[in-house]
Amino acid sequence: MPELPEVETMCRGILAIVGGVVQRLDVPRGACKPIRIQPQLRELRRRIAGQEVTGIGRKGKRVLVQLANRHVLVFEPRMTGLVLLSTPPDRAHVRVILTLLGSPAPQLVYWDRRGLGSVRLLSPGEQAREFSTDRLGPDALDVDVDELKDRFAGSRSPIKVALMDQGRIAGIGNLYASEILFVARIHPATPCAAIRTTDWPRLHAAVRMVLEEAISYEGSTLGDGTYRNALNQQGRYQNHHRVYQKEGTRCPVCRRGTIRRIVQAQRSTFYCPSCQRNRPSR
DNA sequence: ATTAATGTTCAGAA
DNA sequence: TTTCTGAACATTAA
């Protein structure tokens with residue numbers, strides 16, 4: 001569920017740990033299976049001990065805690081992971097606790113109900129490999145129109161599916177793909193190769209517009225209420241969704257069409273058949 | 001009681 | 001090469 005806006009909100013929420021020095025890292029023995037942690041705990045602790053947190057970064061849907069020795073702790077929340085400075089939703093699913101000295105926030109907690117996420121420490125070399133542009137595309141807020149077009153235009157896959165492909169650009173998931181295509185007025189089933197030249201600037205603008213708008217509301221907390229910011233507060237962008245999970249309601253723009261739901265790559269897509277009427281070529 | 005569904009990423013197959 | 005499928009996991013709803 002956490003996509004770019006939610007992860008960006010997490011990052012902003014943990015800025016208070018910058019300047020702190022790593023004292024310890026604990027993995028509470030909970031009732032559930034351990035999550036993926038790399039490298040092994042002993043090695044991990046040896047490499048982060050006493051290091052100052054020099055900054056917080058983000059790459060797509062990942063939170064980066066940058067350390068003085070150029071290593072970076074990468075939190076990947078996947079479905080239900082949260083990076084918190086406050087009390088977690090429950091004790092059972094606290095996966096990692098990072099304790100710091102000399103920062104206003106003494107502890108960073110990684111909580112993950114389903115445990116699909118991971119915590120990894122990457123050396124500079126590993127970062128280069130992990131974040132190379134063929135493994136993980138440029139961040140969705142960093143691409144310009146030309147790069148967007150270059151990375152998508154050749155493909156025959158539907159634009160909705162391609163937007164969620166982290167190898168093309170990083171950060172967009174199921175929710176924001178629907179919202180972005182609605183704002184761009186592009187039918188989600190349109191093959192990338194069939195998108196008109198004049199539509200790329202509109203798509204690019206919609207990517208920025210929707211993501212920045214969602215960030216300003218601190219992301220979306222959906223039905224099960226899992227997603228929270230670093231202070232355990234809900235996002236508010238769910239109150240501003242235009243089409244996501246709005247099947248059957250009147251289109252907010254044209255007021256004639258009714259929002260439809262289709263399934264693409266085993267996931268729900270929402271769109272307005274009236275506003276987004278590019279003809280998919282097959 | 002079991003089954004499906006959730007939504008992201010990866011490995012492996014088509 | 002690109003695209004698709006199932007698994008990873010925990011919890012809830014049917």
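Below, read A as the first sequence line, B as the second, and so on, with proteins coming before strands; counting in each chain starts at 1. What you are looking at is a predicted structure, and each value in this text was computed from that prediction instead of being measured.
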[N] OP1/OP2 closer than 4.0 Å to side-chain N/O of [X]:
X: Gln266(A); N: dG7(B); result: no
X: Tyr244(A); N: dG7(B); result: yes
X: Lys61(A); N: dT9(B); result: yes
X: Ser155(A); N: dT3(C); result: yes
X: Arg168(A); N: dT3(C); result: yes
X: His93(A); N: dT11(C); result: yes

So what does Arg267(A) hit on the nucleic acid, given a heavy-atom distance under 4.0 Å: a base, only sugar-phosphate, or nothing?
base
Pairwise [atom1] distance for [N] and [M], with rounding to whole Å:
N: dT3(B); M: dA7(C); atom1: P; answer: 14 Å
N: dA5(B); M: dT5(C); atom1: P; answer: 15 Å
N: dG6(C); M: dA4(B); atom1: P; answer: 12 Å
N: dC9(C); M: dG12(B); atom1: P; answer: 16 Å

DNA chain B: Leu116(A) or Arg135(A), which has the more 5' nearest nucleotide?
Leu116(A)
Partner lookup for dC9(C), please. Criteria are Watson-Crick or G-U wobble with both distances under 3.5 angstrom; report none if nothing qualifies.
none
Paired nucleotide for dG7(B) [Watson-Crick or G-U wobble; both distances under 3.5 Å]
none
For Glu126(A), does its backbone N or O pair with a side-chain atom of Glu130(A) as donor and acceptor, under 3.5 Å?
no
Ignoring hydrogens and angles, tell me if any N or O in the side chain of Thr54(A) forms a donor-acceptor pair with the backbone of Gln66(A) under 3.5 Å.
yes
Taking Tyr244(A) as the fixed residue, which of Asn174(A), Thr269(A), Ile259(A) is the one that meets the side chain to side chain contact (heavy atoms under 4.5 Å, CB included) rule?
Asn174(A)
